[in-house]
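Following: one structure in structure tokens, then a few remarks.
Because the structure is a prediction, the values reported are computed rather than measured.
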Amino acid sequence: MTSVNLAELPAQIAGELLNIGAVALRPNDPFTWSSGMKSPIYCDNRLTMSYPKVRETIAAGFAAVIREHYPACEAVAGIATGGIPHAAWVAQKLDLPMLYVRDKAKGHGKTNQIEGHYQPGQKVVLIEDLVSTGGSSLKAAVAVREAGCEVLATVAIFTYEFPQAVQAFEEQGIPLHTLSGYSALIDTALQRGAVEAGDVELLKSWRENPQAYGESFNS
């Protein structure tokens, strides 16, 4: 069993994501998301699948969080698509059933939105690779609730720490745990010299007000 120190995990995961290029920071030359929003960070946690050591660290972290905070968990559900492989690895570690949740019900066959065997009242933890505004994660959580299961929490690899995401999870009454996040990433990148000290306030300003940050590059 991989040893996990939950207090050190945010910096450890942030470092691993930087190592493999799953996250990159460009405070003065922002990326443009598909929505058109300017962002100093690019995050693609799907890359973690290709690195056995990294995915093992993530799976061990997820399992440790669930054991510590949600020992009553009876099933692990991956949120499509990025959360699916991680849910499988975590379910294997915890010897629990694994499900996955589609964005919407299939348009054919049994029209399932949730795949796998589950029962009403079953206590479920959802696994996500990335939380931005929280919309897709909460949509999956609501689907699991409507199927009659109890959602104990959503656990994600990384979060941008947007205030609206925190509020959205609180409004739904669903705890959110993340292995790492934007603040830990900035601190780790600064320690490594991947960003300059003078860029830290600019990076923080994006999280607090993405629109204003983007406008500063359009003016």
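- Members clustered with Phe169: Ile79, Leu99, Val101, Ile114, Tyr118, Val124, Leu126, Val131, Leu138, Val144, Val151, Ile174, Leu176, by chain and number, using a 4.5 Å side-chain heavy-atom cutoff among hydrophobic residues.
- Rounding to the nearest 0.5 Å places OG of Ser137 at 8.0 Å from CG of Leu130.
- Residues Gln164 and Thr133 bring no donor and acceptor atom of their side chains to less than 3.5 Å of each other.
- Between Phe62 and Trp89, the ring center distance fails the sub-6.0 Å criterion.
- For the atom pair Glu201 CD and Ile186 CD1, the distance stands at 9.0 Å (nearest 0.5 Å).
- The ring pair (Phe, Tyr, Trp, His ring centres under 6.0 Å) search around Tyr70 returns His177, not counting sequence neighbours.
- The line from CD of Gln113 to NZ of Lys104 is 10.5 Å long, rounded to the nearest 0.5 Å.
- With 3.5 Å as the limit, one finds no donor-acceptor pair spanning the side chains of Arg55 and Ser50.
- Once rounded to the nearest 0.5 Å, the distance linking CD1 of Ile157 with CD of Glu16 reads 12.0 Å.
- Scored by the ring pair (Phe, Tyr, Trp, His ring centres under 6.0 Å) test, Phe31 finds Tyr42 as partners (sequence neighbours excluded).
- Here the closest non-hydrogen pair linking Asn45 and His86 is O-NE2, 4.4 Å.
- The aromatic ring centres of Phe217 and Trp206 sit 6.0 Å or more apart.
- Rounding to the nearest 0.5 angstrom, the gap separating the CD atom in Glu208 from the CD atom in Glu161 is 10.5 Å.
- Rounded to the nearest 0.5 angstrom, Gln92 CD and Leu94 CG are separated by 10.0 Å.
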